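Labels below follow one simple rule: chain letters A, B, ... track the order of the sequence lines, proteins then strands, and each chain is numbered from 1. Because the structure is a prediction, the values reported are computed rather than measured.
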Amino acid sequence: MTPTLTITDQPIDVAAALAAVQTDTAGAVNSFIGTVRNQSGGRPVRRLHYESYDSMALTQLGHVVQQAYEKWPMLQEVAVVHRKGTLELGDVAVVVAVATPHRAESFAACQFIIDTLKQVVTIWKREEYEDGTEWVAAHP
Amino acid sequence: MSLKISLFGITRDIVGTSVIELPAPAPATVGELLAEMRRQYPALGELRSCAVAVNNEYASHDQPLHTVDEIALIPPVAGG
């Protein structure tokens with residue numbers, strides 16, 4: 001049950017992430033797929049630039065997944081893949097996939113991992129607009 | 001003792017480089033480092049938050065710093 005944790009500058013293979021958590025002992029696979037949206041707060045977005053502090057991001061991601069295993073002891077396999085670099089509209093930015101024996105815990109664990117990832121994992125997002133760029137969430 | 005500080009995202013834009021070296025006598029704790037960086041680069045104080053990481057972990061303000069530590073400023077994260 002070693003989690004698959006990856007930060008990559010290559011397009012994410014969603015099917016591979018789902019396959020990574022497939023196991024005969026789990027009847028539920030739940031996934032979250034985050035994609036690049038064409039607007040932010042009503043402002044048109046052209047593309048996104050993600051930057052990662054890889055070693056810390058993977059360390060913190062490991063902590064997040066460990067917390068999930070403690071909260072949901074029945075949690076079996078976990079895969080998290082996050083993209084970095086320049087992403088175009090519609091590109092997959094992140095995939096979280098979990099496998100549990102039953103479905104209720106799969107929804108809860110998947111949501112916990114993506115919500116906590118957004119709070120602690122050292123990845124930054126710069127939105128590109130027609131007239132400039134801005135680091136997301138940097139200022140109050 | 002000197003310190004090397006890695007900078008990411010908006011902190012790199014503010015400071016203008018991805019690594020800054022603070023010569024001796026360098027700040028002894030995380031709190032002193034933040035105060036010194038904000039003194040040199042006031043725009044850091046305008047961020048929603050700015051944490052310090054030591055050896056890939058979030059550090060508290062009273063944590064001591066050593067030359068061998070991997071130190072980084074962590075502006076508000078925005079993954080996902």
What's the separation between atom [atom1] in [X] and atom [atom2] in [Y], rounded to the nearest 0.5 Å?
| X | Y | atom1 | atom2 | value |
| --- | --- | --- | --- | --- |
| Phe8(B) | Asp54(A) | CZ | CG | 8.5 Å |
| Thr59(A) | Asn55(B) | OG1 | CG | 10.0 Å |
| Trp135(A) | Thr11(B) | CH2 | OG1 | 8.5 Å |
| Ser6(B) | Met56(A) | OG | CE | 11.5 Å |

In terms of heavy-atom contacts, does CD of Glu128(A) have more than 12 from other residues, nucleotides or ligands at under 6.0 Å?
-> yes
Just wondering, are more than 12 heavy atoms of other shown residues or ligands nearer than 6.0 Å to CD in Glu130(A)?
-> no
Residue part contacting chain B, namely of His139(A), when any heavy atom lies under 4.5 Å | both
Whatever's closer than 4.5 Å to a heavy atom in chain B on Glu134(A) counts as neither
Applying a strict under-4.5 Å side-chain criterion to I, L, V, M, F, W and Y, I'd like to know whether [X] and [Y] cluster together.
| X | Y | answer |
| --- | --- | --- |
| Val21(A) | Phe107(A) | no |
| Leu61(A) | Leu75(A) | yes |
| Val92(A) | Leu5(A) | no |
| Val15(B) | Val19(B) | no |
| Ile33(A) | Val96(A) | no |

Ignoring hydrogens, what is the shortest heavy-atom contact between [X] and [Y]? Give both atom names and the distance.
| X | Y | result |
| --- | --- | --- |
| Ala72(B) | Tyr53(A) | CB-CE2, 3.6 Å |
| Leu117(A) | Gly80(B) | CD2-N, 3.9 Å |
| Ala138(A) | Pro76(B) | O-CG, 3.7 Å |
| Val136(A) | Ala78(B) | O-CB, 3.8 Å |

Would you mind checking which part of Asp13(B) comes under 4.5 Å of any heavy atom in chain A, side chain (CB onward), backbone (N, CA, C, O), both or neither?
-> side chain
Student check: side-chain heavy atoms of His63(A) and Glu57(B) closer than 4.5 Å | yes
Could you go step by step and tell me if Val77(B) and Gln60(A) meet the side-chain contact (heavy atoms from CB on, under 4.5 Å) rule?
-> CA-CA 12 Å; Val77(B) 298; Gln60(A) 298 303 318; over 6 Å; no
